[in-house]
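What follows is a short report on a single structure.
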Amino acid sequence: MEDEATGSAGSGLAAERARRQAVVDARRAEGHEPYPYRFDRTHTAADVHAAWPDLEPGTETSDKVTVAGRVRRKRDSGKLVFLTVADRGHELQLFASHAELGDDGFQTVKELDLGDWVGAAGTVMTTRTGELSVKVDRVELLAKSIRPLPDKWHGLQDPDTRFRQRYADLVVNAEARRAFDVRHAVVASLRTTFHERGYAEVETPVLHEQASGAHARPFVTYHNTLDMELHLRVAVELHLKRLIVGGMDRVFEIGRVFRNEGLSPRHNPEFTILESYEAFADVRDVMALTEDLVANACRDALGTTTVTIGGEPVDLVPPWPRRRMVDLASDAAGEEVHPSLGVDALRTVAERHGIRWEAAWSAGQLVEAVFEELVEGSIVAPVLVTGHPTDISPLARVDRDDPLLTERFELFVDGRELANGYSELNDPVEQRLRFEDEQRAKDAGDADRGTVDEDYLRALEYGMPPTGGLGVGVDRLVMLLAGVDTIRDVILFPTLRPEVGE
RNA sequence: GCCCCUCUAGCUCAAUGGUAGAGCAGUGGACUUUUAAUCCAUUGGUUCAGGGUUCGAGCCCCUGGGGGGGCACCA
């Protein structure tokens, strides 16, 4: 009877799904395919708005369009139904009248639930309040939504559900869509900037015998046939420089790297890194490249070079200030901070400022600690921090003016490191010594430190030209430009613990 | 790994230790120009799980789980 036919017996999620499934079954029984294979549309919602931008209220055109989208809202006043359908973030109203559609077509409209995908053909019109609409004469269900969407007005608020069910988040939360629109525009812009400069985009292995190129703990996995442990990469650096040795000249990679560390609003175990290497360039060229990459990405994604940080506008137009790490640290400490002071003196400086240090730390690590504690968090507008101590920069070339520092920089914005680059060390003998220092530190118990990469050294022995290299945290760049403060808002599917039941 | 906060209907949220509610969604009804349509009626709950205290627990306590924030580590 009535209850069976409409599936209205009971309530709750299970009953709602059953009711909607019953609509699918009924359509099949009537000879309609509820999940058709394809649908031809002539216009997207955005196209319609662009093509008929300012029709007077109450206009009826004879312009035919065919559109498709997801039903987001439905206003049913009996013999007339207004449907608001969403099509890639743009909305369009369908004006569905019984007079125009007849019994069958109107029944199809009546049966539509919020969340259903629908295709419709009709003429462009405006209602008497001026809303651009399509007066439909044909409506087709393209896919039934069996599961009800989250609240049409409040959206999805629970962060857990937003991340686990990103599909639902994207349907109902415009802010979520916007952050990823920014992301996609940023990534496209980065590629464009590189392509315009003659770089080749490359892809290098994710599975490494030894993860190297950054101070980080790797994920360990296992290959059955080779019967060996493999490590997921923590950086792409050494492979790209092998390509420079091979004469590829200008290369970049945008790829996922994996670091087996804690999660936070700024850290996801897998994240996207951009690295680039350019033969015959040094750190100054790389800083200029970085400025262009970021300014272009901002312009391409936002249409402006101004971003908002903590409620204040910040202009990203280059050039940005270049300040040596030792000078920034010295200014903040009110006394000289430089690795030449030696470990003992630097420990004293650290203690004077309440900075905790460890016995194993080198002079360079102490300098870095002073910088991180006293300076890093206070940088808001972009600053290129240069001249990192040699002992914390095992792959960077020694500064031509100061043997204790390197030709390196890190870009800081909003208290966060966004990029890191340097004049690449290309002397295989010196690189071996630096690797050996890393290995010693690792053997002494610092799991993040590196090992001696013999194959990389072999490559360097063939000769690597002078090279400038860059690494950019793409997720953090997107966070800055999208104006969000958690990395989970710019990673579609952030790492979560397994879900427990439903 | 440690500390703090949080978890109630499909969604968004209420509920001095005393009968678990509302809005949206859903269902039934009215309505041919609505805009979160409106109006009338109405279904829907293992209050994250398991223990405990109490005459009585969504609320207090313990254990466990998910999530958020902080610390640590890092980009």
Side-chain angles (χ1 to χ4, degrees), chain A residues 2-3 6-20 57-58 60 72-84 91 93-101 106 113-115 125-133 135 145-165 168-169 171-173 214-217 234-235 257-274 356 372 410-412 416-420 446-448 471-477 479 485-488 494 496-502:
Chain A
E2 187 65 21
D3 278 355
T6 61
S8 67
S11 188
L13 180 60
E16 177 64 7
R17 292 174 61 205
R19 186 189 65 76
R20 294 185 182 207
E60 299 242 2
R72 294 286 288 116
R73 293 183 295 281
K74 182 182 177 187
R75 294 172 292 282
D76 181 343
S77 60
K79 294 285 196 297
L80 181 62
V81 177
F82 297 91
L83 296 168
T84 302
E91 293 189 337
Q93 178 166 274
L94 303 184
F95 178 103
S97 73
H98 180 267
E100 204 72 26
L101 283 159
F106 197 63
D113 283 296
L114 304 189
M125 61 166 280
T126 51
T127 62
R128 67 182 175 210
T129 52
E131 173 97 14
L132 186 64
S133 309
K135 184 177 188 178
S145 173
I146 295 303
R147 185 180 290 266
L149 287 175
D151 193 283
K152 66 184 176 186
W153 184 246
H154 298 96
L156 193 56
Q157 301 297 325
D158 179 32
D160 186 16
T161 313
R162 285 187 53 225
F163 304 146
R164 287 188 200 284
Q165 299 188 33
D169 185 36
V171 172
V172 299
N173 289 334
H215 288 159
R217 211 164 303 187
V234 299
V257 298
F258 307 84
R259 299 190 182 176
N260 206 338
E261 285 145 7
L263 289 72
S264 87
R266 290 161 297 283
H267 301 86
N268 195 62
E270 51 179 308
F271 64 98
T272 300
I273 202 166
L274 157 69
R356 195 184 51 79
E372 286 176 354
E410 287 180 306
L411 167 64
F412 285 90
R416 291 198 280 264
E417 184 199 335
L418 284 190
N420 177 21
D446 190 345
D448 291 353
V472 177
V474 173
D475 312 273
R476 288 187 174 180
L477 174 60
M479 286 171 67
D485 30 61
T486 160
I487 199 167
R488 299 182 192 93
L496 297 173
R497 286 193 167 84
E499 191 173 4
V500 282
E502 193 194 12

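Just so we're on the same page: letters track the sequence lines, and every chain starts at 1.
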Legend entry - Atom-to-atom span, CZ of A:R19 to C1' of B:rG28 - whole angstrom: 13 Å
Inset, instruction - Calculate the interatomic distance between A:W153 atom CH2 and B:rC13 atom C1'; express it in whole Å. - result: 16 Å
Inset, instruction - Looking at every strand, decide which applies to A:R73 at a 4.0 Å heavy-atom threshold: base, sugar-phosphate, or nothing. - result: sugar-phosphate
Legend entry - Minimum-distance nucleotide (side-chain atoms of A:Q157 versus B:rU12, B:rG69, B:rU32): B:rU12
Legend entry - Side chain of A:L80 (C-beta onward), nearest among B:rU32, B:rG70, B:rC31: B:rU32
Inset, instruction - Could you say whether A:D160 or A:P269 is positioned toward the 5' end of RNA chain B, judged by the nucleotide with the nearest heavy atom to each? - result: A:D160
Inset, instruction - Identify whether any heavy atom of A:A99 sits under 4.0 Å from a base atom; if not, whether one sits that close to sugar-phosphate; answer base, sugar-phosphate or nothing. - result: base
Inset, instruction - Determine the Euclidean distance between corresponding P atoms of B:rG68 and B:rG58; express it in Å to zero decimal places. - result: 28 Å
Legend entry - Distance (rounded to the nearest 0.5 Å) between A:D169 CG and A:R162 CZ: 4.0 Å
Inset, instruction - Would you mind reading off the distance between A:D76 atom CG and B:rC39 atom P, rounded to a whole angstrom? - result: 15 Å
Legend entry - N/O donor-acceptor pair, side chain A:S97 with base B:rU32, under 3.5 angstrom: no
Legend entry - Euclidean distance, atom CG of residue A:L13 to atom C1' of B:rU43 [Å, nearest integer]: 14 Å
Inset, instruction - Scan every strand shown for a Watson-Crick or G-U wobble partner of B:rU63, both distances under 3.5 Å, and answer none if you come up empty. - result: B:rA49
Inset, instruction - Would you mind classifying the nucleic acid contact of A:R162 as base, sugar-phosphate or nothing, using non-hydrogen atoms under 4.0 angstrom? - result: nothing
Inset, instruction - Tell which nucleotide pairs with B:rG17, taking only Watson-Crick or G-U wobble pairs whose two distances are both under 3.5 angstrom. - result: none
Inset, instruction - Counting heavy atoms from C-beta on, name the nucleotide in B:rC11, B:rU33, B:rC13 closest to the side chain of A:E60. - result: B:rU33
Inset, instruction - Determine which nucleotide pairs with B:rU33, using a 3.5 Å limit on both distances of a Watson-Crick or G-U wobble pair. - result: none
Inset, instruction - Would you check if A:S133 and A:M125 make a side-chain contact, meaning some heavy-atom pair closer than 4.5 Å? - result: yes
Inset, instruction - Assess whether one donor atom and one acceptor atom, taken from the side chain of A:E131 and the base of B:rU34, lie less than 3.5 Å apart. - result: no
Legend entry - Any side-chain heavy-atom pair of A:Q157 and A:D151 under 4.5 Å: no
Inset, instruction - Tell me which nucleotide among B:rC11, B:rG68, B:rG26 gets nearest to the side chain of A:D113. - result: B:rG26
Inset, instruction - Sticking with atom P, work out how far B:rC60 lies from B:rA14, rounded to a whole angstrom. - result: 15 Å
Inset, instruction - Would you check if A:R72 and A:V172 make a side-chain contact, meaning some heavy-atom pair closer than 4.5 Å? - result: yes
Inset, instruction - Could you pull out all residues at least two apart from A:R416 that satisfy salt bridge (charged side-chain N to carboxylate O under 4.0 Å, His left out)? - result: A:D414
Legend entry - CZ-CZ distance between A:R497 and A:R164, expressed to the nearest 0.5 angstrom: 10.0 Å
Legend entry - Inter-nucleotide P distance (B:rU34, B:rG21), Å rounded: 37 Å
Inset, instruction - Quickly work out the A:E16 CD to B:rG45 P distance and round it to whole Å. - result: 14 Å
Inset, instruction - Compare the minimum distances between each of B:rU34, B:rG26, B:rA75 and the side chain of A:T127, then state the nucleotide with the smallest one. - result: B:rU34
Inset, instruction - Using the P atom as the reference point in each nucleotide, state the distance between B:rC13 and B:rG51 in Å, no decimals. - result: 30 Å
Inset, instruction - Identify whether any heavy atom of A:K152 sits under 4.0 Å from a base atom; if not, whether one sits that close to sugar-phosphate; answer base, sugar-phosphate or nothing. - result: sugar-phosphate
Inset, instruction - Looking only at side-chain atoms of A:H154, point me to the closest of B:rU33, B:rU12, B:rG26. - result: B:rU12
Inset, instruction - Would you please name every residue forming a salt bridge (charged side-chain N to carboxylate O under 4.0 Å, His left out) with A:D76, sequence neighbours left out? - result: A:K110
Inset, instruction - Could you tell me whether the side-chain ring of A:F271 sits stacked on the base of B:rA75, using a centroid cut-off under 5.5 Å and a plane angle under 30°? - result: yes
Inset, instruction - For A:R128, answer base if it contacts any base atom (sugar-phosphate contacts may also be present), sugar-phosphate if it contacts only those atoms, and nothing otherwise; contact means non-hydrogen atoms under 4.0 Å. - result: base
Inset, instruction - Determine the contact category for A:D158: base if any of its heavy atoms lies under 4.0 Å from a base atom, sugar-phosphate if only primed atoms, P, OP1 or OP2 are that close, otherwise nothing. - result: sugar-phosphate
Legend entry - Whole-Å C1' distance, B:rG45 and B:rA20: 8 Å
Legend entry - Nearest-neighbour nucleotide for the A:Q93 side chain, B:rU34, B:rG67, B:rC13 considered: B:rU34
Inset, instruction - Pick the P atom in B:rC48 and in B:rC7, then give their distance to the nearest Å. - result: 8 Å
Legend entry - Reference residue A:K74; test side-chain contact (heavy atoms from CB on, under 4.5 Å); the match among A:T84, A:L94, A:V81, A:D113: A:V81
Inset, instruction - Rounded to the nearest angstrom, tell me the gap between atom CG in A:L411 and atom C1' in B:rA75. - result: 12 Å
Inset, instruction - Looking only at side-chain atoms of A:F82, point me to the closest of B:rG26, B:rU34, B:rG67. - result: B:rU34
Inset, instruction - For A:G155, answer base if it contacts any base atom (sugar-phosphate contacts may also be present), sugar-phosphate if it contacts only those atoms, and nothing otherwise; contact means non-hydrogen atoms under 4.0 Å. - result: sugar-phosphate
Inset, instruction - Could you work out which one of B:rA75, B:rU12, B:rA37 sits closest to the side chain of A:S77? - result: B:rA37
Inset, instruction - For B:rU16 and B:rU33, measure between their C1' atoms and round to the nearest Å. - result: 50 Å
Inset, instruction - Under a 3.5 Å limit for both distances, which nucleotide forms a Watson-Crick or G-U wobble pair with B:rG1, could you say? - result: B:rC71
Inset, instruction - Look at the side chain of A:R497 and decide which nucleotide, out of B:rG26, B:rU34, B:rG66, has an atom nearest to it. - result: B:rG66
Inset, instruction - Quote, to the nearest angstrom, the C1' distance that separates B:rA15 from B:rU8. - result: 10 Å
Legend entry - A:R75 (side chain) and B:rU34 (base): donor-acceptor pair under 3.5 Å: yes
Inset, instruction - Any chance you could measure A:N268, atom CG, to A:R259, atom CZ, to the nearest 0.5 Å? - result: 12.5 Å
Legend entry - Distance test, side-chain N/O of A:R20 to OP1/OP2 of B:rG10, below 4.0 Å: no
Inset, instruction - For A:K74 and B:rU38, give me the distance from atom NZ to atom P, rounded to whole Å. - result: 15 Å
For nucleotides 71-73 of chain B, tabulate all protein N/O to nucleotide N/O atom pairs closer than 3.5 Å, reporting atom names and distance.
from   : atom 1 : to     : atom 2 : distance (Å)
B:rC73 : OP1    : A:R356 : NH2    : 3.2

Inset, instruction - Test for a donor-acceptor pair under 3.5 Å between the base of B:rG23 and the side chain of A:D151, counting only N and O atoms. - result: yes
Inset, instruction - Have a look at A:L496 and say if it touches a base, only the backbone sugar-phosphate, or nothing, with a 4.0 Å heavy-atom cut-off. - result: sugar-phosphate
Inset, instruction - Nearest 0.5 Å please: distance from the NZ atom of A:K135 over to the CD atom of A:E100. - result: 4.5 Å
Legend entry - A:L80 and A:F95, any side-chain heavy atoms less than 4.5 Å apart: yes
Inset, instruction - Identify whether any heavy atom of A:N268 sits under 4.0 Å from a base atom; if not, whether one sits that close to sugar-phosphate; answer base, sugar-phosphate or nothing. - result: base
Legend entry - Close side-chain approach of A:L13 and A:R147, heavy atoms under 4.5 Å: yes
Inset, instruction - Starting from P on B:rA36, measure out to CG on A:L114 and report it in whole angstrom. - result: 14 Å
